[in-house]
Structure formats: structure tokens, C-alpha cells
There are 2 protein chains.
Amino acid sequence: MNISGAAKAAGLPVKTVRYYADIGLVEPAARTAAGYRDYDDASLRKLSFVGRARGFGFSIAQCRELLGLYQDADRSSAEVKEIASARLAEIRAKQCELQVLHDELAHLVDACCGDARPDCPIIDYLS
Amino acid sequence: MNISGAAKAAGLPVKTVRYYADIGLVEPAARTAAGYRDYDDASLRKLSFVGRARGFGFSIAQCRELLGLYQDADRSSAEVKEIASARLAEIRAKQCELQVLHDELAHLVDACCGDARPDCPIIDYLS
DNA sequence: GCTTGACCTTCCCGCTACAGGAAGGATTAC
DNA sequence: GTAATCCTTCCTGTAGCGGGAAGGTCAAGC
């Protein structure tokens with residue numbers, strides 16, 4: 001299967017699939033005589049796997065580790081759980097950060113009457 | 001005041017202050033004979049203003065607009081409120097996105113026993 | 001007056017995870 | 001045969017800086 005077929009099957013842009021091949025994350029099974037990337041079932045599964053992992057916000061480095069574990073029959077679920085927990089911690093940290101920003105900014109926006117006059121608590125707060 | 005003094009006063013890294021000058025966001029009031037950037041009270045206030053706005057996650061472009069309004073005595077608070085509301089909407093969208101990711105991933109992590117065996121619902125879900 | 005160390009300057013590369021596009025070859029449909 | 005649609009590599013750009021090199025400047029101490 002050529003790159004556009006693989007991209008479609010994995011639900012990823014062609015550019016992304018090519019990028020993953022370039023950085024050695026998911027390489028095509030082979031190259032055709034003309035130099036076209038050729039994806040087989042295994043590489044397709046890896047592409048989809050990475051696509052879903054990226055959907056969770058795992059970094060490329062984390063995807064690389066997860067992919068390694070995915071292909072390792074001798075893996076321990078503890079290793080997987082550790083990576084996922086790390087990502088979960090990132091998400092929670094970001095959520096806390098956003099919550100603080102949200103509350104402060106919502107308060108300011110609420111206090112701003114938003115009319116034609118220049119007086120503005122948002123500007124005041126930033127000053 | 002030279003760049004390191006200005007950076008310290010605004011609570012920003014020197015590199016950041018230089019970057020803001022380069023992109024014309026906050027330019028120094030003058031240059032010394034030796035070519036050193038020279039910051040006065042007004043430029044210092046702008047630096048601090050941008051620093052706080054960046055703290056809210058406003059993009060450089062949004063900071064540029066806010067800074068324009070900050071210096072515009074004829075501004076309407078409605079203009080400020082619109083930019084702030086846009087940022088608030090971005091924050092809320094990100095929060096929703098993270099909430100979904102959090103719930104799904106937390107569920108998976110919770111279901112993974114994290115022992116020495118290879119069986120793992122996280123890997124299963126990504127496959 | 002000279003040195004030393006801490007500034008400052010510009011310039012260029014690197015980061016993440018790709019997207020856009022150019023130039024040129026391959027394949028496919030008609 | 002040709003036109004359209006693929007494919008390839010390579011280069012540039014994104015946001016917001018950080019790191020570091022090469023070289024000029026300034027203040028303090030001897």
C-alpha cells in the first residue's frame with residue numbers, strides 16, 4: 001500500500017506519515033522499485049497506534065516508547081502504566097494551570113462592562 | 001536602564017526582552033552611544049504589561065493589540081473585553097479537550113494493574 | 001595604565017510536530 | 001501520447017523564545 005492509502009487507513013495526513021518515516025518512528029515495510037514507500041499490515045497497525053497515542057497528546061518520544069512496548073511480547077504492563085501516568089500528570093498539571101487562568105480572567109472579563117468608555121479592569125490589572 | 005535591569009524589573013529573561021524588541025513589540029526608549037538598549041519608565045511599564053498578558057497566555061499578536069489599547073486613551077473597554085473573551089474561549093476549549101483526554105486516560109490507567117505481566121488495557125485501547 | 005570579569009551587541013542554530021510548496025520522476029486513465 | 005494525479009526529496013515556515021559563539025564595552029581593582 002502506498003503512502004496515501006496508508007495515511008487514509010490510519011486517519012493521518014500524508015505529510016505526517018512521511019514525517020514519522022523520516023524520524024524513524026514508523027517506517028514503511030519496504031520501498032518499491034521506483035522508491036515509493038510501501039506499507040504492509042504491521043506498519044499500518046503501527047501508524048494507527050501512533051495516531052491514537054498522539055490523539056491522547058503523548059509526545060513523539062512517548063509514542064516511541066509505547067510503540068516499543070506494543071511490539072514487545074515480554075513487556076510489563078507496569079512500564080506502560082508509568083508512561084500513561086506521566087502523561088496523565090501532564091494533563092492534570094495543565095488543567096490546574098488553566099483553571100487558575102480561567103478563574104482570574106473570567107473574573108476580569110465579567111467585571112469589564114464592555115462599552116465605549118476606556119475604563120477597563122482588564123487593562124488595570126495588566127498595568 | 002540597560003537590558004538586564006529592565007528584564008529584572010519586568011520579571012522577564014533578558015532573551016525575552018531582546019526578542020520583544022526585535023519583533024517591535026516593546027522597543028527600548030533609546031540606544032546608548034555604544035549601541036546598548038536603553039529602557040525608560042514608559043518602556044518598562046510596557047514590558048511588565050506584556051509580561052503579565054503573556055502570563056495569561058495571550059499570544060504575541062494579542063499582546064500587541066492589548067498594548068495598543070493600553071496606550072490608546074480613546075479606547076473602548078469593549079475592544080479590550082473582546083480580546084480577553086477570545087482568550088477565555090481558547091482556555092475553555094482547551095479545558096474541555098483536556099477533560100475528555102483526562103477522563104479516558106484516567107480510566108485506562110486505572111484499569112491497568114501495572115504488574116509484570118504484558119496484558120494491558122492501555123495498549124489494547126491504542127491497538 | 002592595564003587587566004579582569006561582567007556586561008552588552010549581533011547572528012545563527014535548536015526546539016515540537018508537522019504544513020506548504022517547489023522541482024522533478026512515476027503511474028494511471030483515457 | 002498526453003494529461004492528471006500520484007510519488008520523491010529538499011527547503012522554508014510556524015511560536016516564542018533558549019543556548020551559545022564571536023566580538024565590542026564598561027567598571028573595578030591594582
Side-chain angles (χ1 to χ4, degrees), chain A residues 1-40 43 46-67 86-87 90-91 93-94 97 101, chain B residues 1-40 43 46-47 49-67 86-87 90-91 94 97 101:
Chain A
M1 182 175 281
N2 65 13
I3 198 170
S4 64
K8 203 163 293 178
L12 293 171
V14 169
K15 276 283 192 184
T16 299
V17 177
R18 195 171 284 130
Y19 175 68
Y20 291 167
D22 284 349
I23 63 172
L25 179 59
V26 180
E27 286 173 87
R31 292 275 187 157
T32 69
Y36 288 18
R37 289 174 184 81
D38 194 13
Y39 291 85
D40 63 355
S43 48
K46 288 192 233 173
L47 269 184
S48 297
F49 181 92
V50 169
R52 275 186 285 267
R54 288 286 303 140
F56 271 120
F58 286 103
S59 69
I60 296 290
Q62 287 172 327
C63 288
R64 209 181 285 270
E65 293 187 63
L66 287 173
L67 203 50
R87 174 64 191 139
E90 289 172 18
I91 291 175
K94 196 75 186 172
E97 187 188 333
L101 292 186
Chain B
M1 183 176 277
N2 66 13
I3 199 171
S4 63
K8 203 162 294 179
L12 293 171
V14 168
K15 275 283 190 184
T16 300
V17 176
R18 195 172 284 131
Y19 175 68
Y20 290 166
D22 285 348
I23 63 172
L25 180 59
V26 179
E27 286 173 85
R31 291 275 186 156
T32 69
Y36 287 19
R37 289 174 184 81
D38 195 13
Y39 290 86
D40 65 353
S43 49
K46 288 193 234 170
L47 269 185
F49 181 93
V50 170
R52 275 185 285 265
R54 289 287 301 142
F56 271 119
F58 286 102
S59 70
I60 296 291
Q62 287 171 327
C63 288
R64 211 182 283 272
E65 292 187 62
L66 287 172
L67 203 49
R87 175 62 192 140
E90 289 172 17
I91 291 174
K94 196 74 186 173
E97 188 187 332
L101 292 187

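Lettering follows sequence order; numbering is per chain, from 1. Side chains are part of it too, since the values below use all heavy atoms of this structure and drop only hydrogens, waters and symmetry mates.
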**Request:** Can you tell me the distance, in whole Å, between the CE atom of A:Met1 and the P atom of D:dC7?
**Result:** 12 Å

**Prompt:** Starting at the 5' end of DNA chain C and moving along, which residue's nearest nucleotide shows up first, A:Gly57 or B:Gly5?
**Reply:** B:Gly5

**Nearest-nucleotide 5' precedence on DNA chain C, B:Asp22 against A:Arg18** = B:Asp22

**Request:** Nearest whole angstrom, please: distance from the P of C:dT9 to the CD of B:Glu27.
**Result:** 14 Å

**Prompt:** For B:Ile60 and D:dG13, what is the distance between atoms CD1 and P respectively, to the nearest whole Å?
**Reply:** 19 Å

**Prompt:** Can you find an N or O donor on one side and an acceptor on the other, under 3.5 Å apart, linking the side chain of B:Tyr20 with the base of D:dG16?
**Reply:** no

**Item:** side-chain N/O A:Thr16 vs C:dA19 OP1/OP2, d < 4.0 Å
**Value:** yes

**Message:** Please check this pair: side chain of A:Asp38 against backbone of A:Arg31, looking for a donor-acceptor N/O pair closer than 3.5 Å.
**Reply:** no

**Asked** Under 4.0 angstrom, heavy atoms only, what part of the nucleic acid is A:Arg54 near: base, sugar-phosphate, or nothing?
**Response** sugar-phosphate

**Prompt:** With a 4.0 Å cut-off on heavy atoms, is A:Thr32 in touch with a base, just the backbone sugar-phosphate, or nothing at all?
**Reply:** nothing

**Message:** Output the rounded distance in Å from NZ (A:Lys8) to P (D:dT5).
**Reply:** 13 Å

**Prompt:** The side chain of A:Pro13 lies closest to which of these nucleotides: D:dC6, C:dA19, D:dG18?
**Reply:** C:dA19

**Request:** Return the value, rounded to whole Å, for the distance between atom CZ of B:Arg37 and atom C1' of C:dC8.
**Result:** 9 Å

**Request:** Among D:dT9, C:dA19, C:dA26, find the nucleotide with the atom closest to the side chain of A:Ala34.
**Result:** C:dA26

**Message:** Should the side chain of B:Lys15 and the base of D:dG16 be counted as holding a donor-acceptor pair, with the cut-off at 3.5 Å?
**Reply:** no

**Prompt:** Donor-acceptor pair, B:Arg37 side chain versus B:Arg18 backbone, under 3.5 Å?
**Reply:** no

**Request:** State the CG-NZ distance between A:Asp40 and A:Lys46, to the nearest 0.5 angstrom.
**Result:** 8.0 Å

**Whole-Å gap separating C1' (C:dA19) and OH (A:Tyr19)** = 12 Å

**Asked** Rounded to whole angstrom units, what separation is found between the CZ atom of A:Arg87 and the C1' atom of C:dT16?
**Response** 13 Å

**Item:** Pairwise distance CG(A:Asn2) to NZ(A:Lys8) - rounded to 0.5 angstrom
**Value:** 9.0 Å

**Asked** Looking at C:dT10, C:dT27, C:dA17, which one has an atom nearest to any side-chain atom of B:Arg31?
**Response** C:dT10

**Prompt:** Which of the following nucleotides, D:dC7, D:dG24, C:dC18, is nearest to the side chain of A:Tyr36?
**Reply:** D:dC7

**Length of the line joining B:Leu12:CG and D:dG16:C1', which is rounded to integer Å** = 12 Å

**Request:** Please examine the side chains of B:Phe49 and B:Leu66, heavy atoms only from C-beta on, and report whether any two atoms are closer than 4.5 Å.
**Result:** yes

**Request:** Under 4.0 Å between any heavy atoms, over every strand shown, what does A:Ile3 touch: base, sugar-phosphate, or nothing? Just pick one.
**Result:** sugar-phosphate

